[in-house]
2 protein chains.
Amino acid sequence: MKISTKGRYALRLMLDLAEHNTGEYISLKDISERQNVTVKYLEQIVTSLTRAGFLRSQRGNNGGYRLARHPSEYTIGEILRVMEGNLEPIACLENYPNDCPRAEECVTLPFWIGLSKVINDYVNSYTLQTLLDSASELAGNTYMI
Amino acid sequence: MKISTKGRYALRLMLDLAEHNTGEYISLKDISERQNVTVKYLEQIVTSLTRAGFLRSQRGNNGGYRLARHPSEYTIGEILRVMEGNLEPIACLENYPNDCPRAEECVTLPFWIGLSKVINDYVNSYTLQTLLDSASELAGNTYMI
DNA sequence: TCAAATCTTACCTTTTTAGTAGGATTACCA
DNA sequence: TGGTAATCCTACTAAAAAGGTAAGATTTGA
């Protein structure tokens, strides 16, 4: 019942890009240094995010990545689902409703459906912007003397 | 982000024992036939549940297992946590608060703590009895003509 | 044309998952 | 008192997933 490192790092990468969301392309080298994750591993992660249409990339010298949309237009749920495939707590729910013959009589199925709902509702209720805002509150920068 | 088969089967095993909660000891052979899980695999599962004090066992001929408490006194959360170790969505939270030096400044930590809370609150809000009751409603036995 | 970046494909090691196998021990019961 | 049906205990194993690493091709700005 764990989110993989790819999911966690993807979230940090997206937040990093959101923090530096100037329209410029940010290199993986920069992100790697700030987030302490190797460029090679980040490459795997951005491949998924770019294919999902979440990032724009620029090859060549001074290339890099930037967000395709505004930070408020990404839910944390969709970012995690790109990396994890889905956030269903059991395999039965991955392509529900499916052909399981026990579904009608399955006592535990409604319970698992409910668990899936609280998880997905929660992660869908946060956006990159939400987390950025709570971050600046955390740092208290706004009110520092 | 998946509950293992051990967690899922443990829940079905506990529900099976709750349905046949007459005070008699129920053999794994019976449970195996009803739940379609091998006796050998069930043995592994009951070992954990017995050591956790959730089951009483009786060895020898006509032996088996029964619940140690009333079905209303088991939350689904505690059953799953025995089998899974814990239900934390990321490793950082397994022994939180811990020594992570980034905790203070970690933007994502409060988000993960919130996710852990909705998951654990949900699974703690159901008991074996709750599921049994919804099962009999599902079957509609009470009101059948 | 060089350097710095992305892109692509392949590979590898470790851990976890999902079991299976064999036999020892216990206790009811005829 | 001996057979049988159950739990108990220790080990093993195959497959899949997790968590990366490696090498090099391609692109592009300066």
Side-chain angles (χ1 to χ4, degrees), chain A residues 1-13 17 20 24-33 35-66 68 80 83-92 94, chain B residues 1-13 17 20 24-33 35-66 68 80 83-92 94:
Chain A
M1 194 66 175
K2 289 275 181 294
I3 296 287
S4 70
T5 56
K6 281 191 187 168
R8 292 197 293 114
Y9 293 170
L11 178 52
R12 283 165 56 185
L13 180 147
L17 287 177
H20 302 88
E24 305 266 293
Y25 288 95
I26 313 290
S27 73
L28 291 186
K29 185 159 172 284
D30 289 355
I31 300 175
S32 169
E33 283 164 5
Q35 299 299 328
N36 210 33
V37 179
T38 65
V39 170
K40 281 296 178 190
Y41 202 31
L42 289 177
E43 282 182 353
Q44 277 191 36
I45 293 166
V46 290
T47 298
S48 299
L49 293 171
T50 304
R51 284 187 184 150
F54 288 15
L55 300 179
R56 299 275 175 254
S57 68
Q58 173 67 44
R59 300 181 69 164
N61 201 345
N62 283 324
Y65 300 86
R66 63 174 174 77
L80 293 179
M83 302 311 296
E84 305 289 320
N86 61 71
L87 296 177
E88 299 307 328
I90 59 169
C92 311
E94 285 183 352
Chain B
M1 193 67 176
K2 289 276 181 293
I3 296 287
S4 71
T5 56
K6 280 191 186 167
R8 291 198 292 114
Y9 294 169
L11 178 52
R12 282 164 57 186
L13 181 145
L17 287 177
H20 303 86
E24 305 267 292
Y25 288 95
I26 313 290
S27 73
L28 292 186
K29 185 160 172 284
D30 289 355
I31 299 175
S32 170
E33 282 164 7
Q35 300 298 328
N36 210 33
V37 178
T38 65
V39 170
K40 279 297 180 188
Y41 202 30
L42 289 178
E43 281 182 353
Q44 277 191 35
I45 293 166
V46 289
T47 297
S48 300
L49 294 170
T50 304
R51 284 187 184 152
F54 289 13
L55 299 179
R56 298 276 176 254
S57 69
Q58 174 67 44
R59 300 181 70 164
N61 201 345
N62 282 324
Y65 300 87
R66 63 175 175 77
L80 294 178
M83 301 311 296
E84 305 290 319
N86 61 70
L87 296 178
E88 300 307 328
I90 59 171
C92 312
E94 285 182 352

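Just so we're on the same page: letters track the sequence lines, and every chain starts at 1.
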Visitor: Find the distance between CG (B:L28) and CD (B:E33) and round it off to the nearest 0.5 Å.
Guide: 11.5 Å
Visitor: What heavy-atom pair brings A:S48 and A:M83 nearest, and what distance separates the two atoms?
Guide: CB-SD, 3.9 Å
Visitor: Between A:N61 and A:E43, which is nearer to the 5' end of DNA chain C once each is assigned its nearest nucleotide?
Guide: A:N61
Visitor: What is the nucleic acid contact for B:K29, judged by heavy atoms within less than 4.0 Å: base, sugar-phosphate only, or nothing?
Guide: sugar-phosphate
Visitor: May I ask you to evaluate whether B:Y9 reaches the phosphate of C:dG19, defined as a side-chain N or O under 4.0 Å from OP1 or OP2?
Guide: yes
Visitor: I need the NZ-P distance between A:K2 and C:dT15, as an integer number of Å.
Guide: 16 Å
Visitor: Looking only at side chains, do A:S4 and A:Y9 share a donor and an acceptor under 3.5 Å apart?
Guide: no
Visitor: Let me see the working for B:K2 and A:E84 under salt bridge (Lys or Arg N to Asp or Glu O under 4.0 Å), right down to the final yes or no.
Guide: CA-CA 10 Å; B:K2 289 276 181 293; A:E84 305 289 320; over 6 Å; no
Visitor: Among C:dT20, C:dT25, C:dT8, which nucleotide has an atom closest to any side-chain atom of B:R59?
Guide: C:dT25
Visitor: Tell me: CD of B:Q35 to C1' of C:dA18, nearest whole Å?
Guide: 18 Å
Visitor: Nearest whole angstrom, please: distance from the P of C:dT16 to the CD1 of B:I3.
Guide: 16 Å
Visitor: C:dG19, D:dT7, D:dT4: which one has an atom nearest the side-chain heavy atoms of B:Y65?
Guide: D:dT7
Visitor: Considering only C:dT20, D:dA6, C:dA5, which nucleotide approaches the side chain of B:S27 most closely?
Guide: D:dA6
Visitor: On DNA chain D, compare the nucleotides closest to B:V39 and A:T38; which residue's is nearer the 5' end?
Guide: B:V39
Visitor: For a quick test of reading the model: is some side-chain N or O of A:T5 closer than 4.0 Å to OP1 or OP2 of D:dG19?
Guide: yes
Visitor: Find which nucleotide of DNA chain D each of B:Q44 and A:K40 is nearest to by heavy atoms, and output the residue with the more 5' nucleotide.
Guide: B:Q44
Visitor: Counting just side-chain N and O atoms, does B:S57 come under 4.0 Å of either OP1 or OP2 of D:dC8?
Guide: yes
Visitor: Nearest whole angstrom, please: distance from the P of C:dC11 to the OH of A:Y41.
Guide: 19 Å
Visitor: Using whole Å, what does the distance between atom P of nucleotide D:dA6 and atom CZ of B:R66 come to?
Guide: 18 Å
Visitor: Please report the distance, rounded to the nearest Å, between CD1 in B:I31 and P in D:dA6.
Guide: 12 Å
Visitor: Between D:dC8 atom C1' and B:Q58 atom CD, what is the distance in whole Å?
Guide: 13 Å
Visitor: Quick one: B:I45 CD1 to C:dT20 P, roughly how many Å, whole number?
Guide: 11 Å
Visitor: Hey, what do you get for CG (B:L17) to CZ (B:R66), rounding to the nearest 0.5 Å?
Guide: 10.5 Å
